[in-house]
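What's counted below: heavy atoms across the whole structure, side chains too, no hydrogens, waters or symmetry copies. Counting convention: from 1, in listed order, for ligands and their atoms alike.
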Amino acid sequence: MTDTIAKTRTQTTFSIFDKIEQMGHEQITFCHDAKTGLKAIVGVHNTVLGPALGGTRMWTYASDEEALQDALRLSRGMTFKNAVAGLNLGGGKAVIIGDARTQKNEPLLRRYGKFIESLNGKYITAEDVGMSEADMEYIAMETKHVTGLNEKMGGAGDPSPYTALGTYMGIKAAAQQVFGNDSLAGKRVLVQGTGNVASHMIDMLAKENAEIIICDIFEDRLKAITDRHKVQVVGTDEIYDIEADVYAPCALGATVNDETLARLRTPIIAGCANNQLKDEKIHGDACLQRGIVYVPDFLINAGGVINVYSEYAKMPKEWVVRKTEALYDTCLEVIQRSANEQRNAQEVAIEIALERIDAIAHIKTVR
Ligand code: NAD
């Protein structure tokens with residue numbers, strides 16, 4: 001019996017360290033507090049460029065392993081996102097295991113804040129799934145290493161307009177590559193999801209006289225758009241079959257997959273949704289093979305984190321706009337490199353992020 005326990009423990013410990021080594025994390029910290037019921041994991045992937053910034057996700061994970069996997073995967077993604085966006089930030093992400101609707105309360109959030117404080121600024125948190133601006137206020141009672149606060153509390157406010165601006169810039173960069181100029185006037189854009197980000201993006205597309213086709217699962221979301229703009233509304237499944245210039249996924253992840261790629265008739269995929277490619281390798285390659293320009297999600301939707309960074313680095317809104325507009329150049333660089341070298345655009349964007357981390361690591365060692 002004792003042998004079995006020792007063996008299991010050894011195997012588990014080894015698999016965790018193998019995984020961390022494989023993914024290149026610097027530090028994973030676990031926090032448990034019996035009184036508040038807090039169970040949290042903070043993944044610090046890379047701090048070469050600066051402190052590891054990324055949101056906290058509260059979710060009812062089926063197992064501790066699933067929670068750890070999410071912390072590892074998401075924190076690594078933040079390293080690439082922050083680096084490619086040109087921010088002086090490393091990559092981190094945290095998860096709290098639990099039901100955000102029933103288990104989240106002041107003591108738990110403040111205990112979590114103390115936990116973050118104990119990391120001495122190596123990790124800076126923000127909102128993610130299951131967390132709100134109000135939750136950040138409780139966390140801020142115990143640590144200064146928190147962003148995503150209300151504008152009245154010195155926060156940077158809603159990131160959606162900036163995520164929308166960056167996405168719009170990414171679409172224009174793709175148009176430049178495909179059509180030889182970046183005007184979207186008369187271009188047909190399929191917008192999947194008309195939520196916070198997409199509604200701002202649609203305003204920009206409409207201003208440029210793009211032809212806009214939308215879908216959403218909620219009538220009120222659609223109405224908010226049709227009240228403002230002349231757009232065509234289609235069904236949530238129908239959207240994949242419409243011939244257009246751009247498919248902009250702005251709702252769910254994994255919508256670029258075997259089934260949808262067989263149906264999509266657009267030369268560009270560029271939208272704000274996270275994790276658009278069902279499989280980064282398979283479906284990133286598939287876009288390339290089909291001659292579709294895919295703008296990597298973590299790059300095109302970086303306007304939001306640029307806004308969050310401005311809160312931490314105390315930068316003005318003009319800077320946020322300038323930095324977000326500059327995503328156009330990075331998107332174009334990725335798209336062109338991908339086309340010239342016939343390589344998966346997602347991999348090219350990661351490569352550019354790694355090149356920057358490598359270059360700055362070198363500068364930091366120079367005396
Ligand atoms: P949101 O919840 O406001 O909008 C999503 C919209 O998609 C909603 O209107 C929802 O009804 C709709 N939707 C859900 N399922 C759908 C379906 N099957 N077909 C069509 N529509 C569907 O979210 P958001 O803040 O606008 O974010 C959109 C996406 O962008 C998400 O993937 C999010 O992770 C990503 N993102 C957002 C930000 C930001 O600043 N908000 C930053 C980076 C990435």
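- Less than 4.0 angstrom separates atom 23 (O) of ligand 1 from none of the non-hydrogen atoms of the protein.
- Side-chain contact check for His25 and Ser75: at least one donor-acceptor pair (N or O, by modelled atom type) lies under 3.5 Å.
- At the top of the distance list for atom 17 (C) of ligand 1, counting protein heavy atoms only, stands Ile217 CG2, 3.8 Å.
- For atom 33 (C) of ligand 1, the closest non-hydrogen atom of the protein is Asn274 ND2, 3.9 Å.
- With ligand atoms numbered from 1 in the order given, ligand 1 contributes 40 (O), 41 (N) to contacts under 4.0 Å with heavy atoms of Ser160.
- Considering both main-chain and side-chain atoms, Asn301 never comes within under 3.5 Å of ligand 1 through any nitrogen or oxygen pair.
- Closest to atom 15 (N) of ligand 1, if we only count protein heavy atoms, is Leu252 CD2, 3.5 Å.
- Numbered from 1 in the order shown, with element, the atoms of ligand 1 that lie under 4.0 Å from a heavy atom of Phe218 read 11 (O).
- Here Leu72 contributes atom CG and Met23 contributes atom CE; the two are 5.0 Å apart, rounded to the nearest 0.5 Å.
- When heavy-atom distances to ligand 1 are checked against a 4.0 Å cut-off, Asp216 comes that close through both its backbone and its side chain.
- Using cut-offs of 30° and 60° for the angle between ring planes, the Trp319 and Tyr309 rings count as tilted.
- Nearest non-hydrogen protein atom to atom 7 (O) of ligand 1 is Ala251 CB, 3.2 Å.
- Contacts with ligand 1 closer than 4.0 Å are made by no heavy atom of Val305, backbone or side chain.
- Counted by atom type alone, Asn275 and Asp297 present zero donor-acceptor pairs between their side chains at under 3.5 Å.
- Residue Thr163 places at least one N or O, backbone or side chain, under 3.5 Å from an N or O of ligand 1.
- Using modelled atom types and a 3.5 Å distance limit, the side chains of Glu142 and Tyr112 yield no donor-acceptor pair.
- Shortest contact from atom 28 (C) of ligand 1 to any protein heavy atom: Cys250 O, 3.4 Å.
- Relative to the six-membered ring of Tyr328, Lys172 misses at least one condition, a distance below 6.0 Å or an angle of at most 45° to the axis.
- Taking the six-membered ring for Trp and thresholds of 30 and 60 degrees, Phe298 and Phe80 have ring planes inclined between 30 and 60 degrees apart.
- The shortest contact between atom 2 (O) of ligand 1 and any protein heavy atom is with Arg221 NH2, 4.2 Å.
- Of the listed options Pro159, Cys215, Cys272, Ala224, Cys272 places a heavy atom closest to atom 36 (N) of ligand 1.
- Protein heavy atom nearest atom 19 (N) of ligand 1, with residue, atom name and distance: Thr236 CG2, 3.5 Å.
- In this structure, a donor-acceptor pair under 3.5 Å is absent between the side chains of Lys187 and Asn209.
- Those atoms of ligand 1 with a heavy atom of Gly193 less than 4.0 angstrom away are 7 (O), 20 (C), 21 (N).
- Counting protein heavy atoms only, atom 26 (O) of ligand 1 is closest to Val197 N, 2.9 Å.
- When the options Asp158, Ile239, Asn307, Asn196 are ranked by their closest heavy atom to atom 3 (O) of ligand 1, first place goes to Asn196.
- Residue Cys287 is tested with Val293, Leu264, Ile269, Ile268 for a side chain to side chain contact (heavy atoms under 4.5 Å, CB included); the sole match is Ile269.
- When atom types are taken as modelled, the side chain of Asn46 and the backbone of Thr79 share no donor-acceptor pair closer than 3.5 angstrom.
- No salt bridge links Arg265 with Asp241; every basic N to acidic carboxylate O contact stays at or beyond 4.0 Å.
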